[in-house]
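Along the sequence shown, the residues carry numbers beginning at 1.
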Amino acid sequence: MGSLMKGGGVSGAILSRIATNDQHGENSEYFDGWKAYDKDPFHLSRNPHGIIQMGLAENQLCLDLIKDWIKENPKASVCTPEGVHQFSDIANFQDYHGLREFRQAIAHFMGKARGGRVTFDPERIVMSGGATGANETIMFCLADPGDVFLVPSPYYAAFDRDLRWRTGVEIVPVHCSSSNNFKLNVEAVEWAYKKALESNKNVKGLLFTNPSNPLGTILDKDTLMNIVRFVTRKNIHLVVDEIYAATVFAGENFVSVAEVVKDLGDSEVNADLIHIVYSLSKDMGLPGFRVGIVYSYNDLVVSCARKMSSFGLVSSQTQLMLASMLSDDQFVDNFLMESSRRLGIRHDALTLGLKKAGITCLISTAGLFVWMDLRHLLRNRNSFKSEIELWHIIINKVKLNVSPGSSFQCTEPGWFRVCFANMDDDTLHVALRRIQDFMSKNSNKVAEKASNNDQIIQNNNAKKQKWKQSNLRLSFRRLYEDGLSSPGIMSPHSPLLRT
């Protein structure tokens with residue numbers, strides 16, 4: 001056995017640097033919330049005072065439709081009397097290209113999930129073990145250890161693990177602000193790119209989720225076009241994680257980067273630089289099936305990613321069943337429409353309940369979560385320490401696992417991601433009741449804090465006004481002392497010139 005350290009772990013002399021480094025991100029509040037839930041999970045009857053999991057972005061709202069399809073299509077599985085005749089073929093080794101019918105069905109579904117406005121080539125579909133594996137695979141293909149990818153923040157908390165833990169790739173955030181609703185624009189990307197170069201970083205690309213995790217917003221087509229033009233001009237890669245493509249429940253249609261590539265044409269875009277990550281975890285609610293996809297317009301990337309997929313293939317029986325399900329146009333069309341409808345209802349139920357408690361959220365039209373604004377509850381509005389203090393109260397007292405914004409590299413304390421599609425209606429009602437009770441008990445404190453803040457602002461304004469009057473008198477005295485006899489001539493030492 002290897003030698004043990006005091007904390008119980010195995011010494012670094014025994015294990016590799018990758019095995020023992022701290023880049024996984026497991027010790028962040030994002031994962032700590034999951035651990036707290038695992039120790040005390042809520043259940044309506046067995047543990048009604050437990051922690052409710054609102055930190056997990058799962059889509060469980062339409063699993064009944066999938067169960068019904070499975071019952072009606074027993075031939076799709078080798079584990080039924082109707083499908084067992086396929087067992088020998090499916091149980092045998094499958095190469096890393098995957099079943100042809102599976103790749104065709106995935107390509108077809110990806111087109112439907114994007115409104116049928118773009119098609120995908122099955123020969124460019126590369127399998128991976130979920131979006132986690134797909135994101136890591138594309139990093140291995142595009143960058144060397146120490147190279148940089150720009151990632152707009154707030155960004156998915158586990159990107160630190162997925163993109164850099166084993167690859168050695170560095171993340172440089174492109175900071176977005178609440179002043180424009182955290183909207184990404186090409187100016188912010190260009191600024192981050194320039195700063196990275198000034199720090200002697202080798203920028204290999206830009207990666208972001210669209211629709212956004214954790215914001216639940218979608219990028220408009222003009223912004224996407226400008227970003228595609230930017231990466232083409234700088235000759236860096238663009239990776240768009242589109243795993244929430246079919247979770248749009250309101251507003252304008254989702255625009256895939258594939259649609260932009262088609263519309264811009266070869267004169268404005270180098271398609272070899274454009275890559276898409278996809279999975280069925282969010283749109284279909286099948287994270288346990290571990291279906292991740294790398295789709296690239298670059299032949300070399302497709303070839304390289306396919307070789308790497310040997311380390312994270314999708315099981316052949318999963319491929320077989322999904323090939324049949326996703327080829328059923330009637331089922332897929334109904335599923336996508338119903339999923340969007342149910343997500344919209346659930347989103348509205350959560351945001352309305354939060355509004356009744358005096359809590360607002362960033363306006364969102366997609367995703368499985370909301371970006372909740374609790375800045376008014378912070379002891380110190382500019383302190384991430386205050387954010388974590390509030391998060392501990394929510395976990396330990398309110399008994400809700402929500403994820404603090406600092407876990408998503410948000411630069412402004414007080415924002416929290418709250419997931420709403422991984423529970424039933426009754427559990428959501430309990431969660432909202434807990435939030436409303438908490439806000440009701442703390443409303444006096446919030447009002448008192450607001451009053452104190454108003455008083456501080458008034459005092460500061462009075463001090464500023466007093467300073468202005470004093471400074472104005474001082475300025476005129478100085479003007480007089482400088483011997484200004486003519487209004488047309490000013491002393492170079494005049495404070496009016498300096499201002």
Side-chain angles (χ1 to χ4, degrees), residues 54-55 57 59 61 114-115 152-157 174-189 208-224 226-227 240-256 282-283 339-378 381 387 390 394 400 402-423 428 431-432 435-436 439:
M54 304 186 84
N59 185 359
L61 300 186
R114 289 150 181 81
S153 70
Y155 62 73
Y156 171 46
V174 180
H175 294 302
C176 300
S177 164
S178 63
S179 61
N180 70 338
N181 296 322
F182 298 100
K183 188 177 186 299
L184 177 64
N185 55 57
V186 74
E187 291 79 16
V189 175
F208 55 81
T209 57
N210 185 36
S212 168
N213 176 11
L215 303 178
T217 56
I218 58 176
L219 280 181
D220 61 89
K221 192 170 185 177
D222 287 343
T223 299
L224 266 176
N226 288 334
I227 288 173
V240 185
D241 185 334
E242 296 187 348
I243 66 172
Y244 293 95
T247 66
V248 178
F249 49 79
E252 298 180 359
N253 291 328
F254 166 72
V255 178
S256 170
K282 312 303 180 183
D283 288 352
S339 177
S340 177
R341 187 185 73 83
R342 294 184 188 183
L343 284 171
I345 292 172
R346 179 58 67 83
H347 168 273
D348 291 348
L350 175 61
T351 53
L352 180 60
L354 292 175
K355 186 176 180 180
K356 288 180 178 178
I359 297 172
T360 60
C361 301
L362 184 73
I363 295 175
S364 57
T365 58
L368 312 175
F369 31 71
V370 296
W371 193 233
M372 180 173 66
D373 184 2
L374 296 184
R375 288 176 293 178
H376 58 296
L377 296 183
L378 297 184
R381 187 159 176 156
E387 176 183 277
L390 177 58
I394 296 173
L400 302 176
V402 300
S403 305
S406 52
S407 295
F408 301 89
Q409 304 302 317
C410 183
T411 59
E412 302 175 25
W415 294 90
F416 293 78
R417 192 191 73 169
V418 184
C419 300
F420 57 73
N422 62 323
M423 65 193 74
L428 179 66
L432 285 172
I435 293 172
Q436 290 163 358
M439 292 298 293

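- When every heavy atom of Val189 is checked against every heavy atom of Val174, the shortest pair comes out as N-CG1, 3.8 Å.
- Thr209 has its side chain out of reach of Tyr155: every pair of non-hydrogen atoms, C-beta onward, lies at least 4.5 Å apart.
- Residues Leu219 and Phe208 form a side-chain contact, since some pair of their non-hydrogen atoms from C-beta on lies under 4.5 Å apart.
- Side-chain atoms of Thr217 and Lys183, non-hydrogen and from C-beta on, never get closer than 4.5 Å to each other.
- With sequence neighbours excluded, the residues satisfying side-chain hydrogen bond (donor to acceptor under 3.5 Å, both in side chains) with Ser256 are Glu242.
- In this structure, the ring of Trp415 has its center no less than 6.0 angstrom from the ring center of Phe408.
- Shortest non-hydrogen contact noted between Val186 and Asn226 is CG2-O, 3.8 Å.
- Asn210 places none of its side-chain heavy atoms less than 4.5 Å from the side chain of Leu184.
- Between the side chain of Glu387 and the main chain of Pro404, no donor-acceptor pair closer than 3.5 Å is present.
- Heavy-atom minimum distance, Phe249 versus Ser364: CE1-O, 3.7 Å.
- To the nearest 0.5 Å, atom CE of residue Met423 and atom CZ of residue Arg346 are 7.0 Å apart.
- In this structure, the separation between OG1 on Thr360 and CG on Asp373 is 4.5 Å, given to the nearest 0.5 Å.
- You'll find the side chain of Asn213 stays beyond 4.5 Å of the side chain of Ile243, heavy atoms only.
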Q: Take Cys410 and Trp371, measure what side chain to side chain contact (heavy atoms under 4.5 Å, CB included) needs, and give me the verdict at the end.
A: CA-CA 11 Å; Cys410 183; Trp371 193 233; 4.0 Å; yes
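- Taking the side chain as every heavy atom from C-beta outward, Phe416 and Leu390 approach each other to under 4.5 Å.
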Q. Given Ile363 and Asn181, is the side chain to side chain contact (heavy atoms under 4.5 Å, CB included) satisfied, shown in steps?
A. CA-CA 8 Å; Ile363 295 175; Asn181 296 322; over 6 Å; no
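- Residues Ala431 and Met54 share a closest heavy-atom pair of CB-SD, 3.8 Å.
- Rounded to the nearest 0.5 Å, atoms SG (Cys361) and CE (Met372) are 7.0 Å apart.
- To the nearest 0.5 Å, atom CG of residue Leu432 and atom NZ of residue Lys356 are 9.0 Å apart.
- Rounding to the nearest 0.5 angstrom, the gap separating the SG atom in Cys419 from the CG atom in Leu428 is 12.0 Å.
- Taking every heavy atom of both residues into account, Ser340 and Val248 meet most closely at OG-O, 2.8 Å.
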Q: Show your reasoning for whether salt bridge (charged side-chain N to carboxylate O under 4.0 Å, His left out) applies to Glu412 and Arg375.
A: CA-CA 9 Å; Glu412 302 175 25; Arg375 288 176 293 178; 3.8 Å; yes
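- Side-chain atoms of Leu343 and Leu61, non-hydrogen and from C-beta on, do get closer than 4.5 Å to each other.
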Q) Does the side chain to side chain contact (heavy atoms under 4.5 Å, CB included) test come out yes or no for Leu374 and Ile359, once each step is laid out? A) CA-CA 7 Å; Leu374 296 184; Ile359 297 172; 3.8 Å; yes
(Q) Could you go through Asn422 and Leu368, starting from their C-alpha distance and side-chain angles, then the distance that decides it, and tell me whether this counts as side chain to side chain contact (heavy atoms under 4.5 Å, CB included)? (A) CA-CA 8 Å; Asn422 62 323; Leu368 312 175; over 6 Å; no
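- Judged by distance alone, with hydrogens and angles left aside, the side-chain atoms of Lys282 form a donor-acceptor pair with the main-chain N or O of Ala57 at under 3.5 Å.
- Under the 30°/60° scheme for interplanar angles, the aromatic rings of His347 and Phe420 are found to stand perpendicular.
- More than 12 heavy-atom neighbours from other residues, nucleotides or ligands sit within 6.0 angstrom of CD1 on Ile345.
- Atoms OG and CG, from Ser178 and Leu362 in turn, are 9.0 Å apart once rounded to the nearest 0.5 Å.
- Taking both residues in full, the closest heavy atoms of Gly367 and Thr247 are given as N-OG1, 2.9 Å, listed atom of the first, atom of the second, then distance.
- Judged purely by atom type and a 3.5 angstrom limit, Arg417 has no side-chain atom pairing as donor or acceptor with the backbone of Ser407.
- Thr411 has its side chain out of reach of Ser177: every pair of non-hydrogen atoms, C-beta onward, lies at least 4.5 Å apart.
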